[in-house]
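Numbers here simply count residues along the sequence, with the first being 1.
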Amino acid sequence: MKPLAACRPTLRKKACLLMSLTCLAFVAGCKPGEEGFDLNAYLSQFDAPAPVKPSVLATFFANAMLPTIGSQTAALFSTNARYYGQSTNGWEITLYSGQRLTGLISNPLRSSGAAFAHVAGLTGNTSVIAVSDDQYIPGYAEFAGSSVLVVNNWQGIFPNNDPATAHGTIVSAVALGDSGDFVGVAPDARLVFGSYETDQKLAQLGSTALNLGAVAWNNSWGYTNLLINQTDFNLAFDGSTGSNAYLSALDNYAAQGVVVFAVSNDNRTKHSGLMDGLPFLRPSLEAGWIAAVNGVPTFSGGDVSSVQLLSSSCLEAARWCMIAEGAWQIPDSTLQLPDSFTMAIGSSFAAPQISGALALLQDAFPSLTPHQLRVRLLASADDGFFTPDDTVELATGFNKGYSFTYGHGFLDIEAALKPIGGTAMAMKNGQNVATNAPILLTGSAFGDAVENSLSGTDLVVKDALSAGFVMPAVALTSATRPSSQAAALLSKNLTSDLTQTRTASVSALDDPFATFGGKTMDMTASGGLMSAAILVPQPGAQSAGVNLTRVLADGPTRVELGLKLARDDGRIISLNGTDPAMLASVSLGLAQDLGNNAFIALSGEVGITDLGGSTAIGGAGSARFDSASVKIGRSDVFAKGDRMTLGVAM
């Protein structure tokens, strides 16, 4: 790079390598400023970013929603060395501030949710991840069989004259490595690698990443002595050919993909570095930018209850910042570190987790843009362990709280793969109906007919961030079972005038509103040959109706004709459970005296209903219904004046 005036900004790696449980940090250049963080000045710098616009609906694989995925994921950490090999208990580290942390427990494949995605069938095989770092060293098993394009590599004197540190190779492995004893976040993604040695090399990698449609451009490096202010921006991007090309590459790529930058490993830092905080000075970059913080989480009941930061906090980069666990076990037989090194620790190894996570999301939601995938990661980050300092509108109508210390929270790939916010289904009339609760609230007359008819049928719904999911249609139904109707009939019979029931003439249409519940008012005329029944609305049973019956009698035979108009309050015929269903029907009954105090009564009914107005089933504006019943009985069975009746109705 072209020499700069004053304090020369030195490129450096943001890696810590653990040796005998001691953290060694590689730092060069000037010491970062120690002045305090001005919250008011920070807030005054920002306007709300432009919301991400919804795009075409993506089709989501159904596997990840299955309950078995969770149990299969848990099994990985007891049966597969690539996963349980990342479990590290009781390790220690000394931070830049001198604070020594002990008893740390980590497993980045578990804490990030990457293992969940792998079990669900997501490996990033449709994605490209670009990595700008020091050097890619070929020949390691982690990249055997992988698609690797090295755009440019390190040509000068290697940092610290020690190529064996293989920083860029380890970063790439965390993002997408795969071998017999190691697995990265997106093991089937394609790698495009370039060196950060010069601005020209950075620009070349950025242009290639854009042309290849890379979902993420990972940067596990930064300037040791340039912070987020205009003076330092002018030093880094001084107008030379190389710096102009690099800044242009950042602008162009961030307009389409997502740039991921690791923050400083120095936990004493009071301001963001120039590159992780760059959108603070260049707001157009924000929609395509993520700052990566290194932290070790503590879980309680599956949720993050606290995070111990091992690096700088988010600071000015808070609105586009999140945490991942940058502590990885490096097997001795594969990625060779200097003697006695066993772990790679630092924000350098948190960043490629986030880049890999974007590749997994692209695998799951192929129709979403990288910017929309970025929003999913930030929106789903576990944030229950802090109180937000401010909010940002990540997408139209979707706001997320963030912290100046913890950003949007801890990386949670599993949550990003599941619906975020409420889900909705598009109706034929163009309206969206929320699907967080059943929308087909069928009455007792349907039994389980709707559920059975929808069995095996899937629906596509959208979550609050426009991602598409497949869900079983039967999940949107809830039926009122006939048992509730039977209970209502029993209650009605036990509270009616039993004396009148025993002594009245046998009738096939004696209770036209039996299924509705509530009370009726009965009136007769013309010697009982004309009758009317009025269903009176009651608290808790707002059905109403009127039924007219004409009787034709000929000796022991009684023929009855009925006409009914009624309103169901949603418990019997409605398909949405809220709007009353209007119905009209005609009925025919036959009652026959069989002699010896025995009788039989047959009835049938045919009608039409509007099903309670608009429903979620297209073309179901009205429906025909029918019913039938048979009753047999006898009087004076046990004592004079009693009556026993047995019946079946449908």
**Q** How long is the span from the CG atom in Asp389 to the OG1 atom in Thr405, to the nearest 0.5 Å?
**A**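 Output value for this atom pair is 6.5 Å.
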
**Q** Taking all non-hydrogen atoms of both residues into account, name the closest pair between Leu465 and Phe398 and its distance.
**A** CD2-CG, 3.7 Å

**Q** Taking Asn399 for its side chain and Thr391 for its backbone only, find out whether a donor-acceptor pair lies under 3.5 Å.
**A**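 Not confirmed, Asn399 side chain does not pair with Thr391 backbone.
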
**Q** Looking at every heavy atom in both Ala533 and Phe513, which two are closest together, and how far apart are they?
**A**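 Nearest heavy atoms, Ala533 then Phe513: O-CE1, 3.5 Å.
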
**Q** Ignoring hydrogens, what is the shortest heavy-atom contact between Gly356 and Ala186? Give both atom names and the distance.
**A**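 Scanning both residues, the minimum pair turns out to be O-CB, 3.7 Å.
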
**Q** What are the two closest heavy atoms between Ala120 and Ile69, and how far apart are they?
**A**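 Minimum heavy-atom separation between Ala120 and Ile69: CA-CD1, 4.1 Å.
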
**Q** Show, in sequence, the C-alpha distance, side-chain angles and deciding distance for Val258 and Leu373, and conclude whether the side-chain contact (heavy atoms from CB on, under 4.5 Å) test is met.
**A** CA-CA 9 Å; Val258 181; Leu373 300 178; over 6 Å; no

**Q** Please list all pairs meeting ring pair (Phe, Tyr, Trp, His ring centres under 6.0 Å) that have one or both residues in residues 581-606, counting only residues at least two apart or in different chains.
**A** none

**Q** What salt bridge (Lys or Arg N to Asp or Glu O under 4.0 Å) pairs are there with at least one residue in residues 111-123, not counting sequence neighbours?
**A**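 Sorted result for residues 111-123: empty, none.
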
**Q** If you draw a 6.0 Å radius around CE in Met521, do more than 12 non-hydrogen atoms from other residues or ligands fall strictly inside?
**A**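 Atom CE in Met521 is not crowded, with 12 or fewer foreign heavy atoms closer than 6.0 Å.
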
**Q** Tell me the closest heavy-atom pair linking Phe625 and Ile608, and the distance in Å.
**A**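 Result for this residue pair: CE2-N, 3.4 Å.
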
**Q** Quick check against the 3.5 Å criterion: does Thr609 have a side-chain atom that pairs as donor or acceptor with the backbone of Met582?
**A** yes

**Q** Are the side chain of His118 and the backbone N or O of Val185 linked by a donor-acceptor pair below 3.5 Å?
**A**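 Flag set: sc His118 to bb Val185 pair under 3.5 Å.
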
**Q** Hey, are the side chains of Ser543 and Leu535 touching, using non-hydrogen atoms and a 4.5 Å cut-off?
**A**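 Yes. Closest side-chain heavy atoms under 4.5 Å.
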
**Q** Can you tell me how far the CG atom of Leu378 sits from the CG atom of Asp383, to the nearest 0.5 Å?
**A**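 Here the rounded value is 11.0 Å.
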
**Q** Run Asp510 and Lys631 through side-chain contact (heavy atoms from CB on, under 4.5 Å) and show every step you take.
**A** CA-CA 12 Å; Asp510 57 352; Lys631 296 185 294 184; 3.3 Å; yes

**Q** Leu611 and Ile573: side-chain contact (heavy atoms from CB on, under 4.5 Å), yes or no, with the steps?
**A** CA-CA 6 Å; Leu611 294 173; Ile573 297 180; 4.1 Å; yes

**Q** List for me each residue that meets side-chain hydrogen bond (donor to acceptor under 3.5 Å, both in side chains) alongside Ser585, sequence neighbours excluded, and say none if there are none.
**A**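 Counting only residues at least two positions away or on another chain, Ser585 forms a side-chain hydrogen bond (donor to acceptor under 3.5 Å, both in side chains) with Glu605.
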
**Q** Check the pair Ser305 / Thr298 against side-chain hydrogen bond (donor to acceptor under 3.5 Å, both in side chains), numbers first and verdict last.
**A** CA-CA 6 Å; Ser305 58; Thr298 299; 5.2 Å; no

**Q** When the aromatic ring centroids of Phe469 and Phe365 are compared, is their separation below 6.0 Å?
**A**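 Centroid distance Phe469-Phe365: below 6.0 Å, so yes.
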
**Q** Is there a side-chain contact between Leu529 and Arg550 (heavy atoms, below 4.5 Å)?
**A** yes

**Q** Nearest 0.5 Å, please: how far is OG in Ser635 from CG in Asn596?
**A**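 Asn596 CG to Ser635 OG: 11.5 Å, rounded to 0.5 Å.
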
**Q** Atom OG of Ser367 and atom CD of Gln372: how far apart are they, to the nearest 0.5 Å?
**A** 9.5 Å

**Q** Output the distance between atom CG (Leu561) and atom OG1 (Thr549), rounded to the nearest 0.5 Å.
**A**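 The OG1 atom of Thr549 is 9.0 Å from CG of Leu561, to the nearest 0.5 Å.
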
**Q** Can you measure from CG (Asp188) to OG1 (Thr123) and round to the nearest 0.5 angstrom?
**A** 3.5 Å

**Q** I'd like to check the side-chain hydrogen bond (donor to acceptor under 3.5 Å, both in side chains) partners of Ser507; sequence neighbours left out, ordered by chain and number.
**A** Glu560

**Q** Would you say the side chain of Val392 lies within less than 4.5 Å of the side chain of Leu394, judging by non-hydrogen atoms?
**A** yes

**Q** Indicate the atoms forming the closest heavy-atom contact of Ser127 with Gln362, along with that distance.
**A** OG-OE1, 2.6 Å

**Q** Hey, are the side chains of Ile420 and Lys400 touching, using non-hydrogen atoms and a 4.5 Å cut-off?
**A**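 A side-chain contact under 4.5 Å is absent here.
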
**Q** Could you tell me which residues satisfy side-chain hydrogen bond (donor to acceptor under 3.5 Å, both in side chains) with Thr645, sequence neighbours excluded, listed by chain and number?
**A** none

**Q** Table please: side-chain donor-acceptor pairs of residues 407-417 below 3.5 Å, with sequence neighbours left out.
**A**
| from | atom 1 | to | atom 2 | distance (Å) |
| --- | --- | --- | --- | --- |
| His408 | NE2 | Arg319 | O | 2.8 |
| Asp412 | OD1 | Glu414 | N | 3.4 |
| Asp412 | OD1 | Ala415 | N | 3.1 |
| Glu414 | OE2 | Lys418 | NZ | 3.0 |

**Q** Determine, stepwise, if the pair Glu286 / Arg374 fulfils side-chain contact (heavy atoms from CB on, under 4.5 Å).
**A** CA-CA 11 Å; Glu286 182 175 351; Arg374 167 191 174 272; 4.0 Å; yes

**Q** Strictly distance-based, threshold 3.5 Å: is any side-chain N or O of Asp363 a donor or acceptor partner for the main-chain N or O of Gly124?
**A** yes

**Q** Is a side-chain N or O of Gln353 found less than 3.5 angstrom from the main chain of Glu325, in a donor-acceptor match?
**A**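 Yes, Gln353 side chain to Glu325 backbone: donor-acceptor pair under 3.5 Å.
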
